[in-house]
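Remember, predicted model here, so these are calculated numbers, not experimental data.
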Amino acid sequence: MTEQVVTRFAPSPTGFLHIGGARTALFNWLFARGHGGKFLLRIEDTDRARSTPEATQAIIDGLAWLGLDHDGEIVSQFDRADRHRAVALEMLEKGRAFKCFSTQDEIQAFRDAAKAEGRSTLFVSPWRDADPSTFPDLPFVIRLKTPETGKTVIHDKVQGDVRIGNDQLDDMVLLRSDGTPVYMLAVVVDDHDMGVTHVIRGDDHLNNAARQMGIYEAMGWDLPVYAHIPLIHGGDGKKLSKRHGALGVEEYRDMGYPAAGMRNYLARLGWSHGDDEFFTDAQAQEWFSFDGMGKSPSRFDFKKLASISGQHIAAAENAALLHDLLDFMAVTGQPTPSDTKISLLSQAMPLLQERAKTYIELIEKAEFILADRPIAPDEKAAKFLDAVSLGILSELTPHLQNASWDRQALEGELNAFAEAREMKFGQLAGPLRAALAGRSATPSVFDMMFLLGREETLLRLQDVKGTA
RNA sequence: GGCCCGUUCGUCUAUCGGUUAGGACGCUAGGUUUUCAACCUAGAAAGAGGGGUUCGACUCCCCUACGGGCUGCCA
């Protein structure tokens with residue numbers, strides 16, 4: 001019996017939850033869920049100057065929208081500062097850490113000199129092995145006593161074995177001179193205390209892992225399994241930043257991508273399971289493994305997101321899709337449709353969902369249901385409502401008054417009408433579509449008429465009559 | 001500067017020494033068509049460069065180039 005898998009997502013609340021962070025969270029979630037484990041959330045708010053409650057909320061909201069549910073209470077790293085401090089002191093006690101009285105100026109001078117002489121700029125503290133009797137009565141930081149020789153090997157599930165010479169690792173600061181813990185200490189202590197078994201994070205932390213392992217070693221704690229995943233780059237290949245397409249997840253939500261499509265697309269970025277492109281959460285959870293992770297950064301591609309997104313909309317179950325669509329409308333500030341319209345939407349959903357890649361497109365194509373009479377045609381639709389077309393429509397009207405109102409019959413009726421006048425069906429369908437929906441992109445005219453019903457259809461034709 | 005990681009079609013990727021280097025998105029051409037979407041058919045499109053190892057390298061090793069990361073009393 002192996003121990004239960006515990007993963008965590010540990011963002012710092014210094015801004016919105018961007019797409020790279022979301023993907024990291026996704027992989028942690030997939031791995032935990034796929035192994036019947038726990039997925040924890042910890043907010044790394046030790047940097048008080050940059051952390052904001054708004055950012056914390058944005059992260060929570062973003063994860064909620066993406067459907068990445070976490071287990072247990074959200075841990076605030078800042079709240080655990082006392083514990084971090086205690087661990088640092090314990091290492092000091094054990095002789096695995098030391099007090100360093102060097103000032104920032106002295107350190108800077110050291111680095112400048114090292115750079116000028118072409119030496120390593122890693123700071124070597126003169127206090128590392130100093131006699132306590134020589135300690136001045138000055139502020140000090142506590143630094144980890146890193147081995148000076150040998151190698152640290154990170155057995156990384158994605159990157160393989162990565163060896164770093166200990167001479168490349170400095171005696172990092174654990175506790176600042178004001179007694180507050182730094183991130184490097186806090187992550188390790190928190191991961192250990194939270195029972196995290198697998199640390200899945202961006203590969204920008206790969207080098208940090210070697211440093212952090214020193215703390216595990218000093219404390220005699222078991223190491224977690226590391227998996228450092230490659231980052232996402234922008235469409236131009238450059239690192240993703242706020243200036244380079246790194247949008248908050250809520251922006252993707254507002255662009256109308258369904259969360260399921262987002263999860264699918266994001267999972268496929270840097271990870272693969274053979275040639276599978278479209279899959280469900282259940283499949284992703286079952287399939288996810290570090291073996292499928294690539295090592296190189298990937299670029300975000302909206303075109304492919306749209307394609308995957310469209311497939312998820314098409315495959316969605318009716319009630320769930322309607323629910324998500326209404327959520328989307330609420331979130332983006334659109335009025336909630338009446339019960340009648342919602343009922344029609346539900347009926348029309350099979351027609352709508354296979355022609356939309358986003359909720360925005362879905363709504364555009366549902367305009368014939370959502371709009372109230374009289375329908376205001378958009379520019380493209382208006383072009384179909386010229387005098388000739390209106391003539392055709394008024395000629396058609398009496399035929400509709402008597403037609404039996406089912407899809408099949410309507411199709412027959414309209415085809416016969418067009419055929420009798422030797423016109424291409426498009427000459428009839430265009431104006432009809434414009435009159436019924438006020439849009440040029442809609443479901444089939446037969447479907448719209450059937451759904452709208454005879455009365456509403458005739459009223460809309462009536463509305464349009466004098467507009468030319 | 002030092003250390004670490006990476007590099008297959010435009011993009012996401014498959015391949016885990018032997019393939020006509022496969023798929024997806026996008027693109028191009030044609031078809032279907034009532035708009036949009038969808039769909040069908042066809043097509044263009046890739047192993048960064050150079051050395052090895054091997055009967056045989058996209059695959060293993062080395063070098064170079066390029067990209068990225070770390071090198072903080074940031075996370």
Side-chain angles (χ1 to χ4, degrees), chain A residues 10-14 44-47 49-51 77 100 102-104 107 111 114-115 118-123 139-143 154 156 158-160 162-165 167-170 172-178 180 182-184 186-187 202-208 210-211 228 230-231 233 235 237-239 265 268-278 291-292 294-308 310 314 352-357 361 364-365 380-381 384 414-415 418 424-430 432-434 437 439-446:
Chain A
S12 49
T14 54
E44 311 233 310
D45 50 0
T46 51
D47 184 342
R50 293 198 298 155
S51 299
Q77 189 159 66
C100 171
S102 297
T103 64
Q104 306 251 30
I107 295 170
R111 292 210 173 97
K115 201 163 195 175
R119 298 195 327 264
S120 165
T121 57
L122 293 179
F123 181 60
F140 58 86
V141 298
I142 292 180
R143 289 180 182 273
I154 307 163
D156 194 276
V158 174
Q159 307 289 338
V162 178
R163 284 157 228 283
I164 295 176
D167 56 356
Q168 297 300 320
L169 273 19
D170 64 350
M172 64 180 175
V173 170
L174 266 16
L175 239 43
R176 300 184 182 95
S177 52
D178 65 359
T180 58
V182 301
Y183 157 81
M184 287 288 190
V187 232
D203 65 8
D204 50 337
H205 287 284
L206 181 59
N207 286 272
N208 290 337
R211 288 172 225 287
H228 288 95
L231 271 17
H233 285 189
K238 296 228 166 68
K239 191 193 171 189
Y265 175 72
R268 231 8 225 87
L269 225 44
W271 173 80
S272 63
H273 181 263
D275 283 336
D276 294 305
E277 300 280 354
F278 173 79
D291 294 338
K295 292 190 188 181
S296 52
S298 40
R299 303 184 189 195
F300 196 91
D301 180 10
F302 277 98
K303 296 272 184 57
K304 188 139 186 183
L305 203 215
S307 170
I308 293 289
L352 298 169
Q353 69 189 127
E354 64 183 23
R355 33 186 20 106
K357 292 181 173 172
E361 287 183 18
E364 172 71 18
K365 280 160 182 164
K380 284 184 186 171
F384 283 98
L414 293 194
N415 276 319
K424 293 179 74 174
F425 186 66
Q427 289 177 265
L428 173 61
L432 189 50
R433 168 171 295 107
R439 293 288 181 278
S440 53
T442 73
S444 145
V445 291
F446 313 123

- Query: When we call it a touch if two heavy atoms are under 4.0 Å apart, what does A:Gln104 touch: a base, just sugar-phosphate, or nothing?
  - Reply: base

- Message: Does a side-chain N or O of A:Arg163 approach OP1 or OP2 of B:rC4 to a distance below 4.0 Å, or not?
- Response: no

- Task: Write down the distance between CD (A:Glu44) and P (B:rA75), rounded to a whole number of angstrom.
- Result: 9 Å

- Task: Let me know the distance between CG of A:Asp301 and P of B:rC9, rounded to the nearest Å.
- Result: 15 Å

- Is the shortest side-chain N/O distance from A:Thr46 to OP1 or OP2 of B:rA75 below 4.0 Å? yes

- Residue-phosphate contact under 4.0 Å: A:Lys357 side-chain N/O, B:rG26 OP1/OP2: yes

- Item | N or O in side chain of A:Ser298 less than 4.0 angstrom from B:rU13 OP1/OP2 | yes

- Message: Measuring to OP1 and OP2 of B:rA14, would you say a side-chain N or O of A:Ser272 lies under 4.0 angstrom away?
- Response: yes

- Task: Report the distance from atom CZ of A:Phe302 to atom C1' of B:rG26, rounded to the nearest whole Å.
- Result: 15 Å

- Are A:Lys304 and B:rC12 close enough that a side-chain N or O sits under 4.0 Å from OP1 or OP2? no

- Message: Measuring from atom CG of A:Asp170 to atom CG of A:Leu122, what distance do you get when rounded to the nearest 0.5 angstrom?
- Response: 5.0 Å

- Item | A:Asn207 CG to B:rG6 C1', straight-line distance once rounded to whole Å | 13 Å

